[in-house]
S.K.: 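Sending over a structure as structure tokens; questions will come in a sec.
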Amino acid sequence: MKEKEMTVLHVCDYAANYRGNFIESLESLETYHSNVRNVYLFPARAKNTNARTWIAQMNTTDQVAYIQEESFIKNILLFRNIIKTHKVDRIVRHFSDLHIDIIIKILFNPKKVVRFFHCGYRPVPGSLKARIRRFLWKHNRLVGVSVAMADEVKRALPDFEVIPIVNAIEFDRLDVIEPFEKPDKTTMLIMGWDKERKGVDLAALACERLQSKYDLELMIVGGSKETEVKDYVRKTLGKTVDWVRFLPPTNNIGTYYNATDIFLSPSRQEAFGYAVVEAAYRKCSVVLTKVDGQGQIQLDGAYWFESEDLDGFVEQLEKAILERNTPQRIAQREEVCKQAVERYSLKTWSNKLIEILQ
């Protein structure tokens with residue numbers, strides 16, 4: 001029997017300079033389920049970032065992507081037009097925006113809305129915002145992008161059903177490698193645009209401690225906040241150092257992983273940890289904290305330490321440096337690459353989401 005056609009509107013508060021794994025994940029619904037038709041709606045601020053370029057490119061293919069208006073009233077009209085024109089069956093909400101949530105509540109059946117939590121939800125109990133959100137989200141299906149994230153949302157909203165769908169990776173894009181100059185040093189990489197949450201200060205301090213024993217370079221992807229991150233690193237170390245290198249954002253992130261020996265994720269909070277799995281796939285050693293969804297990532301041979309434990313971080317980082325080229329660790333990284341694909345494939349992710357959308 002032929003599956004019923006379904007149009008899914010993805011409302012995404014996402015305006016990064018590159019598509020990244022996020023857009024690839026959403027597109028997998030159509031890749032693995034021929035009865036699904038995706039429509040995308042991005043925030044108004046995308047008009048003022050490089051996001052407008054890849055959104056425009058989506059519309060040159062067989063895809064449909066819109067950008068919101070600045071006006072609340074105009075957005076009501078835009079939503080109404082999208083829902084009517086494309087005969088939208090389900091809305092999948094990614095990230096939160098109170099004004100847009102109000103519009104969805106007004107225009108669409110709340111039982112047909114799936115709401116993804118990509119980051120933590122820790123409301124102030126009894127606050128006005130918390131009460132408003134409870135009302136707006138009533139009857140929605142709530143999804144955490146990791147078991148830990150689903151548990152956190154459930155604690156905040158105990159009378160709501162919350163389902164975990166563990167994030168997945170589009171691995172093929174990580175095999176696109178551009179020319180890149182790798183120094184003759186042990187290279188570290190950290191994703192640092194959210195500097196405090198990602199623990200950029202801890203990474204800088206840990207590398208500083210080991211710099212006198214090993215020739216290290218710390219590469220930091222600061223994204224649109226690179227200047228801010230540079231100042232943060234300088235203040236953390238008390239000076240500017242030549243062993244820290246800032247890298248511009250790129251959609252071909254495999255290039256950076258390919259030039260990395262050890263990937264660092266000393267995060268203070270993580271819903272999942274895309275970059276950790278991506279780095280493991282590219283056969284980097286990985287040093288990371290046991291926090292939230294990141295602590296539940298299933299990859300053998302990772303170097304774990306407790307959040308905020310700088311001494312533990314330095315110990316595990318030095319161990320990773322010393323063991324990096326041993327036959328045992330080389331073989332283990334090959335196996336972990338296979339594990340990553342088996343455990344975090346987009347096909348598995350899309351199959352779980354389609355069950356909820358039915």
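Quick caveat: nothing in here was measured; it's all calculated off a predicted structure.
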S.K.: Nearest 0.5 Å please: distance from the NZ atom of K225 over to the CH2 atom of W193.
M.R.: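 One finds 11.0 Å between NZ of K225 and CH2 of W193.
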S.K.: Is it the case that the side chain of R52 and the backbone of A46 share a donor-acceptor pair, with hydrogens and angles ignored and the cut-off at 3.5 Å?
M.R.: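 Answer holds: no.
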S.K.: Salt bridge or not between K47 and E69? Use side-chain N to carboxylate O under 4.0 Å.
M.R.: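 Here K47 pairs with E69 in a salt bridge, since their nearest N and O are under 4.0 Å apart.
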S.K.: With a 4.5 Å heavy-atom cut-off, do K230 and T227 have their side chains touching?
M.R.: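 A side-chain contact under 4.5 Å is absent here.
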S.K.: Look at the side chain of S345 and the backbone N and O of E342, then say whether any donor-acceptor pair between them is shorter than 3.5 Å.
M.R.: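 Not confirmed, S345 side chain does not pair with E342 backbone.
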S.K.: Salt bridge (charged side-chain N to carboxylate O under 4.0 Å, His left out) with R173: which of E27, E24, E278?
M.R.: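 Among the candidates, only E278 passes.
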S.K.: Do K154's NZ or CZ and the ring of F160 fall within the cation-pi criteria of under 6.0 Å and 45°?
M.R.: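 So K154 doesn't make the cation-pi contact.
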S.K.: Under a plain distance cut-off of 3.5 Å, with no hydrogens placed, do Y40 and H94 share a side-chain donor-acceptor pair?
M.R.: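 The criterion, which ignores hydrogens and geometry beyond distance, is not satisfied for Y40 and H94.
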S.K.: Please report the interatomic distance CG(L216) to CG(L210), rounded to the nearest 0.5 Å.
M.R.: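 If I round to the nearest 0.5 Å, the distance is 6.5 Å.
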S.K.: Salt bridge between R134 and D159, side-chain N to carboxylate O under 4.0 Å?
M.R.: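 Result for this pair is yes, salt bridge flagged.
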S.K.: Do M191 and I253 come close enough that some side-chain heavy atom pair is under 4.5 Å?
M.R.: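 When only atoms from C-beta onward are counted, I253 and M191 do touch, with a gap below 4.5 Å.
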S.K.: Quick one: are I356 and R141 in side-chain contact, heavy atoms under 4.5 Å?
M.R.: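 Side chain of I356 against side chain of R141, heavy atoms only: contact under 4.5 Å found.
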S.K.: Quick check on ring-ring contact (aromatic ring centres under 6.0 Å, His included): which of Y14, W54, F95 does F42 satisfy it with?
M.R.: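 The option that passes is W54.
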S.K.: Should the heavy atoms of other residues, nucleotides or ligands under 6.0 Å from CD of E178 be counted, would the total exceed 12?
M.R.: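 Enclosed: over 12 neighbouring heavy atoms sit under 6.0 Å from CD of E178.
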S.K.: Answer with yes or no whether the side chains of E152 and Y121 bring together a donor and an acceptor at under 3.5 Å.
M.R.: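 Looking only at side-chain atoms, E152 and Y121 do not form any donor-acceptor pair under 3.5 Å.
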S.K.: So, using salt bridge (charged side-chain N to carboxylate O under 4.0 Å, His left out) as the criterion, who are the partners of E170 when residues are at least two apart?
M.R.: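 Partners of E170 under the salt bridge (charged side-chain N to carboxylate O under 4.0 Å, His left out) test: none.
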S.K.: Between Q294 and T289, do the side chains contain an N or O donor and an N or O acceptor separated by less than 3.5 Å?
M.R.: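 Yes, because at least one side-chain N or O of Q294 sits under 3.5 Å from a partner of the opposite role on T289.
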S.K.: Examine V341 and V336 and state if one hydrophobic cluster contains both, with Ile, Leu, Val, Met, Phe, Trp and Tyr joined whenever side-chain heavy atoms are less than 4.5 Å apart.
M.R.: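 Yes.
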S.K.: Do I163 and V147 sit in one hydrophobic cluster, given that two such residues count as connected whenever their side-chain heavy atoms are within less than 4.5 Å of each other, even indirectly?
M.R.: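 No, no single cluster joins them.
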S.K.: Less than 4.0 angstrom from a charged side-chain N to a carboxylate O is my criterion; do D201 and R268 meet it?
M.R.: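 Salt bridge flag = yes for R268 with D201.
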S.K.: Out of curiosity, I100 CD1 to L41 CG, how far, rounded to the nearest 0.5 Å?
M.R.: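 Atom-to-atom, I100:CD1 and L41:CG are 7.0 Å apart.
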S.K.: Can a side-chain donor-acceptor contact be found between Q63 and Q57 if the only test is distance below 3.5 angstrom?
M.R.: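 Looking only at side-chain atoms, Q63 and Q57 do not form any donor-acceptor pair under 3.5 Å.
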S.K.: Grab the two heavy atoms, one from Y344 and one from Q296, that are nearest each other, plus how far apart they are.
M.R.: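 That would be OH-O, 4.4 Å.
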S.K.: Kindly say whether the aromatic ring centers of F305 and Y303 come within a distance under 6.0 Å.
M.R.: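 Judged by ring-centre distance (under 6.0 Å), F305 and Y303 do not meet the cut-off.
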S.K.: So, do E228 and E226 sit near enough that their side-chain heavy atoms are less than 4.5 Å apart?
M.R.: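 They are not in side-chain contact.
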S.K.: Decide yes or no for E318 and R209: does some side-chain heavy atom of the first lie under 4.5 Å from some side-chain heavy atom of the second?
M.R.: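 E318 does not reach R209 side chain to side chain.
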S.K.: From D175 CG over to R282 CZ, what is the distance, rounded to the nearest 0.5 angstrom?
M.R.: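 One finds 5.5 Å between CG of D175 and CZ of R282.
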S.K.: Show your reasoning for whether side-chain contact (heavy atoms from CB on, under 4.5 Å) applies to F135 and K105.
M.R.: CA-CA 9 Å; F135 169 73; K105 186 74 171 182; 4.0 Å; yes
S.K.: Could you tell me whether the side chain of D13 and the main chain of D97 form a donor-acceptor pair under 3.5 Å?
M.R.: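 Side chain of D13 to backbone of D97: no pair is present.
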S.K.: So, H33 versus N351: side-chain donor-acceptor pair below 3.5 Å or not?
M.R.: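 Present: a donor and an acceptor within the cut-off.
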S.K.: How far apart are the C-alpha atoms of R45 and E70, what are their side-chain angles, what is the distance that settles it, and do they pass the salt bridge (charged side-chain N to carboxylate O under 4.0 Å, His left out) test?
M.R.: CA-CA 8 Å; R45 69 179 186 280; E70 297 285 353; over 6 Å; no
S.K.: Verify the distance criterion only: is there a donor paired with an acceptor across the side chains of D300 and Q339 at less than 3.5 Å?
M.R.: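 Result is yes, a qualifying pair exists.
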S.K.: Report yes if the side chains of M6 and L357 come closer than 4.5 Å at any heavy-atom pair, otherwise no.
M.R.: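 Result yes, sub-4.5 Å side-chain heavy-atom pair found.
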S.K.: Does K319 come within less than 4.0 Å of E315, counting only side-chain N to carboxylate O?
M.R.: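 A salt bridge is absent here (no side-chain N lies under 4.0 Å from a carboxylate O).
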S.K.: How close do I67 and L78 get, heavy atom to heavy atom, and via which atoms?
M.R.: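 The answer is O-CD2, 3.7 Å.
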S.K.: Set out, in order, the CA-CA distance, both residues' side-chain angles and the distance that settles ring-ring contact (aromatic ring centres under 6.0 Å, His included) for F22 and H118, then state yes or no.
M.R.: CA-CA 10 Å; F22 177 65; H118 294 266; 5.6 Å; yes
S.K.: Does either side chain, that of Y66 or that of N81, offer a donor lying less than 3.5 Å from an acceptor on the other one?
M.R.: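 No, N81 and Y66 have no side-chain donor paired with an acceptor closer than 3.5 Å.
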S.K.: Would N167 and Y274 count as having a side-chain donor-acceptor pair, cut-off 3.5 Å?
M.R.: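 Looking only at side-chain atoms, Y274 and N167 do form a donor-acceptor pair, the distance falling under 3.5 Å.
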S.K.: How about V114 and N140: do any of their side-chain heavy atoms sit closer than 4.5 Å?
M.R.: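 When only atoms from C-beta onward are counted, N140 and V114 do not touch, as no gap falls below 4.5 Å.
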S.K.: Checking R333 now: which residues fulfil salt bridge (charged side-chain N to carboxylate O under 4.0 Å, His left out) with it, not counting sequence neighbours?
M.R.: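 Expected list: none.
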S.K.: Please check: side-chain N/O of S71 versus main-chain N/O of K74, any donor-acceptor pairing under 3.5 Å?
M.R.: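 At least one qualifying donor-acceptor pair exists.
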S.K.: Between K87 and E5, does any NZ, NE, NH1 or NH2 come within less than 4.0 Å of an OD or OE carboxylate oxygen?
M.R.: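 K87 and E5: not salt-bridged.
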S.K.: Are the side chain of S146 and the backbone of F272 linked by a donor-acceptor contact shorter than 3.5 Å?
M.R.: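 A pair under 3.5 Å: no.
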S.K.: Check whether the side chains of S28 and S25 place a donor and an acceptor atom closer than 3.5 Å, and report yes or no.
M.R.: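 Not at all, the side chains of S28 and S25 share no donor-acceptor pair under 3.5 Å.
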S.K.: For residues I190 and V221, determine if any side-chain heavy atom of one lies less than 4.5 Å from a side-chain heavy atom of the other.
M.R.: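 The answer is no, as the side chains (C-beta and beyond) never meet within the 4.5 Å cut-off.
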S.K.: So, the side chain of R343 versus the backbone of Q298: is there a donor-acceptor pair under 3.5 Å, distance only?
M.R.: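 Looks like yes, one N/O pair under 3.5 Å.
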S.K.: Does one side chain, of R37 or T7, offer a donor that lies under 3.5 Å from an acceptor on the other?
M.R.: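 Distance-only check fails for R37 and T7.
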S.K.: Please report the closest heavy-atom contact between V291 and S307, naming both atoms and the distance.
M.R.: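 The pair with the smallest heavy-atom distance is CG1-CB, 3.6 Å.
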S.K.: I'd like to know if I169 and I23 are part of one continuous hydrophobic network [Ile/Leu/Val/Met/Phe/Trp/Tyr, side-chain heavy atoms within less than 4.5 Å].
M.R.: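 Yes: a chain of side-chain contacts under 4.5 Å links I23 to I169.
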S.K.: Any donor and acceptor pair, going by atom type alone, linking the side chain of N252 with main-chain N or O of G254 inside 3.5 Å?
M.R.: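 Such a contact is absent between N252 side chain and G254 backbone.
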S.K.: Rounded to the nearest 0.5 Å, how far apart are CG of L189 and OG1 of T260?
M.R.: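 Spacing of CG (L189) from OG1 (T260) equals 4.0 Å.
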S.K.: Kindly state whether the ring of W137 and the ring of F117 have centres lying under 6.0 angstrom apart.
M.R.: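 Ring-ring flag for W137/F117: true, centres closer than 6.0 Å.
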S.K.: Applying the salt bridge (charged side-chain N to carboxylate O under 4.0 Å, His left out) test to D261, which of K283, K182, K185 qualifies?
M.R.: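 Between D261 and the candidates, salt bridge (charged side-chain N to carboxylate O under 4.0 Å, His left out) is satisfied uniquely by K182.
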S.K.: Could you tell me the separation between the CZ atom of R324 and the CD1 atom of I262, rounded to the nearest 0.5 Å?
M.R.: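 It comes to 7.0 Å.
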